[in-house]
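Data block below; observations after.
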Amino acid sequence: MKTAVIVFPGSNRDRDMFHALELITGTRPQSVWHTESTLPDVDLVVVPGGFSYGDYLRSGAIAARSPILKDLVAKANSGVSVFGVCNGFQILTEAGLLPGALMRNAGLTYVCKEVRIETVNTATRFSSRFLKGQVWRCPVSHHDGNYFADEDTLKRVEDNDQVVFRYAEGTNPNGSINDIAGVTNKDGNVLGMMPHPENLIEPLHGGVDGRMLFESLLRAA
């Protein structure tokens with residue numbers, strides 16, 4: 001599986017993602033600086049976590065106007081897999097590739113801890129290796145992870161089975177509506193999630209729960 005990771009000023013989880021993708025696929029991802037205009041021909045494009053542009057204005061708002069986003073939108077519309085984690089999720093919503101928005105955490109504090117995630121939709125290229133209803137561990141690290149959508153948008157997202165992951169067992173760390181931790185676009189080829197599965201993929205991390213997401217993508221490719 002060929003992959004690429006877009007890097008912005010302030011990205012700080014790009015190297016974690018490089019390692020995860022290389023470990024799972026056996027091939028080093030290509031790094032794409034945000035000022036480039038064209039993405040390489042790959043099976044998966046990842047928008048990693050971090051604090052692009054220091055989270056000024058709104059988290060992800062400036063990065064969503066970077067030159068590379070024009071080609072990312074085109075690639076996503078053509079069916080290429082796109083995966084955004086944490087700040088990447090924020091960027092994808094700001095770019096209009098995913099519904100809803102990410103707001104300040106309900107507690108107005110930064111959270112950095114492990115939560116429990118329930119897989120509620122296994123019929124996606126990101127989740128086919130999970131069992132429906134499977135609860136797994138995953139770390140979070142964010143200040144603006146409170147997922148929100150207006151009533152009509154939320155109904156569409158729920159009715160279309162676009163919710164892939166929810167916070168489980170009372171571990172919602174940010175107040176996200178309906179405990180939503182990860183959603184796809186209507187076509188199912190773009191996923192955004194706040195938790196960091198790339199940080200729980202090998203025993204040195206303390207567990208391998210996050211591997212199944214990457215293995216799902218590998219299977220799909």
Side-chain angles (χ1 to χ4, degrees), residues 3 5-8 10-25 29 44 46-52 54-55 59-60 82-93 98 100 102-122 124 126-127 129-131 133-147 163-184 191-218:
T3 62
V5 178
I6 301 177
V7 182
F8 300 88
S11 295
N12 69 359
R13 296 299 184 96
D14 48 314
R15 294 186 180 185
D16 296 1
M17 191 61 71
F18 290 143
H19 175 71
L21 291 171
E22 185 171 10
L23 184 67
I24 300 296
T25 69
L44 169 69
V46 179
V47 188
F51 303 91
S52 58
D55 281 351
S59 297
V82 176
F83 179 35
V85 178
C86 199
N87 186 235
F89 188 9
Q90 296 161 346
I91 292 169
L92 293 179
T93 59
L98 289 173
L102 281 308
M103 306 189 304
R104 196 59 56 89
N105 293 344
L108 301 182
T109 57
Y110 188 89
V111 294
C112 183
K113 62 181 181 179
E114 186 178 282
V115 298
R116 306 282 282 179
I117 303 295
E118 179 186 1
T119 304
V120 295
N121 182 0
T122 60
T124 79
F126 304 93
S127 59
R129 288 276 292 146
F130 293 94
L131 299 176
Q134 181 175 351
V135 176
W136 50 287
R137 301 159 47 221
C138 198
V140 296
S141 180
H142 58 256
H143 196 280
D144 300 282
N146 185 354
Y147 182 80
V163 179
V164 182
F165 302 114
R166 298 188 198 273
Y167 299 107
E169 301 177 356
T171 63
N172 185 333
N174 50 44
S176 289
I177 193 168
N178 289 11
D179 292 325
I180 292 173
V183 298
T184 66
L191 171 71
M193 64 185 297
M194 287 309 296
H196 288 271
E198 75 276 16
N199 291 144
L200 203 65
I201 60 166
E202 55 186 327
L204 287 174
H205 289 161
V208 295
D209 293 37
R211 284 186 70 102
M212 285 184 286
L213 187 147
F214 296 97
E215 290 172 353
S216 296
L217 284 163
L218 188 60

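Note that the coordinates shown come from a computational prediction; the quantities given were computed from them, not determined experimentally. Counting begins at 1 with the first residue of the sequence.
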Seminar exercise, completed: Rounded to the nearest 0.5 Å, the CG atom of Leu191 sits from the OG atom of Ser216 at a distance of 10.5 Å

Exercise. Who passes side chain to side chain contact (heavy atoms under 4.5 Å, CB included) against Thr171, sequence neighbours left out?
Worked result: Val115, Arg116, Tyr167

Seminar exercise, completed: Sorted by chain and residue number, the side chain to side chain contact (heavy atoms under 4.5 Å, CB included) partners of Thr93 (sequence neighbours excluded) come out as Phe89, Leu98, Leu102

Exercise. What heavy-atom pair brings Met17 and Val5 nearest, and what distance separates the two atoms?
Worked result: CG-CG2, 4.1 Å

Problem set entry | pair Val208-Ile201: side-chain heavy atoms closer than 4.5 Å | no

Problem set entry | Validation row: Val140, Pro195 side chains within 4.5 angstrom (heavy atoms) | yes

Exercise. Considering all heavy atoms of both residues, which atom of Trp136 and which atom of Gly210 are nearest to each other, and what is their separation?
Worked result: CZ3-CA, 4.1 Å

Problem set entry | Of His19, His205, Arg13, the residue whose pairing with Asn199 passes side chain to side chain donor-acceptor pair (under 3.5 Å) | Arg13

Exercise. Within the side chain of Gln90, is there an N or O that forms a donor-acceptor pair under 3.5 Å with the backbone of Asp144?
Worked result: yes

Exercise. Looking at Gly206 and Leu200, what are the two nearest heavy atoms and their distance?
Worked result: C-CD1, 4.1 Å

Exercise. Of the non-hydrogen atoms in Leu108 and His143, which two are nearest, and what is the gap between them?
Worked result: O-NE2, 3.9 Å

For this session: Before giving the answer on side-chain contact (heavy atoms from CB on, under 4.5 Å), spell out for His196 and Asp16 the whole-Å C-alpha distance, their side-chain angles and the decisive distance to 0.1 Å.
Result: CA-CA 10 Å; His196 288 271; Asp16 296 1; over 6 Å; no

Exercise. Which distance, rounded to the nearest 0.5 Å, do you find between the OG1 of Thr184 and the CG of Asn121?
Worked result: 7.0 Å

For this session: Measure the shortest side-chain to side-chain distance between Phe130 and Val164 over non-hydrogen atoms and say whether it is less than 4.5 angstrom.
Result: no

For this session: Check whether any side-chain heavy atom of Asn105 lies under 4.5 Å from a side-chain heavy atom of Tyr110, and answer yes or no.
Result: no

For this session: Evaluate the criterion side-chain contact (heavy atoms from CB on, under 4.5 Å) for residue pair Leu23 and Phe214; output intermediate values, then yes/no.
Result: CA-CA 10 Å; Leu23 184 67; Phe214 296 97; over 6 Å; no

Problem set entry | Whether Ser59 side chain and Asp55 backbone form a donor-acceptor pair below 3.5 Å | no

Exercise. Closest approach of Thr25 and Leu21, non-hydrogen atoms and distance?
Worked result: OG1-O, 2.6 Å

For this session: Enter the distance from Leu213:CG to Met193:CE here, rounded to the nearest 0.5 Å.
Result: 6.0 Å

Exercise. Is the closest side-chain heavy-atom distance between Leu217 and Thr3 below 4.5 Å?
Worked result: no

Exercise. Going by atom types only, do His142 and Asn174 share a side-chain donor-acceptor pair under 3.5 Å?
Worked result: yes

Problem set entry | Heavy-atom closest pair, residues Arg166 and Ile180 | NH1-CG1, 3.8 Å

Problem set entry | Residue pair Val47, Leu92: steps toward the side-chain contact (heavy atoms from CB on, under 4.5 Å) verdict | CA-CA 8 Å; Val47 188; Leu92 293 179; 4.2 Å; yes

Exercise. Once you round to the nearest 0.5 Å, how far does CZ of Arg129 lie from CG of Leu131?
Worked result: 9.5 Å

Seminar exercise, completed: To the nearest 0.5 Å, atom CE of Met194 lies from atom CG of Asn172 at 11.5 Å

For this session: Starting from the C-alpha separation in whole Å, work towards a yes-or-no answer on side-chain contact (heavy atoms from CB on, under 4.5 Å) for Thr119 and Met212.
Result: CA-CA 11 Å; Thr119 304; Met212 285 184 286; over 6 Å; no

For this session: Using a 4.5 Å cut-off on heavy atoms from C-beta on, say whether the side chain of Phe165 contacts that of Pro197.
Result: no

